[in-house]
Amino acid sequence: MAFEDIKNNPQLGKSMAKWAALGAVIAIPLPFVGPIIGATVGAGIGYVRGKKA
């Protein structure tokens, strides 16, 4: 499960937080997306990239 992966791998959580912040910042000027959805997508990207490494 994803929560166990993050709990057991702090580097994965850091990666997800970094990508979530980037996604939120990029999505702020886009009114149809919004920062919450941008952060969610960013965290997903961070999770996928972190699991590959």
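This chain uses plain numbering: 1 for the first residue, then up along the sequence. Note that this is a predicted model, so its numbers are computed, not measured.
For the side chain to side chain contact (heavy atoms under 4.5 Å, CB included) with P35, the qualifying choice from I28, I26, V25 is I28, the only one to do so.
In terms of heavy atoms, G38 sits closest to A27 at CA-CB, 3.8 Å.
Atom CD1 of I36 has 12 or fewer heavy atoms from other residues, nucleotides or ligands within 6.0 Å.
Rounded to the nearest 0.5 angstrom, M16 CE and R49 CZ are separated by 13.5 Å.
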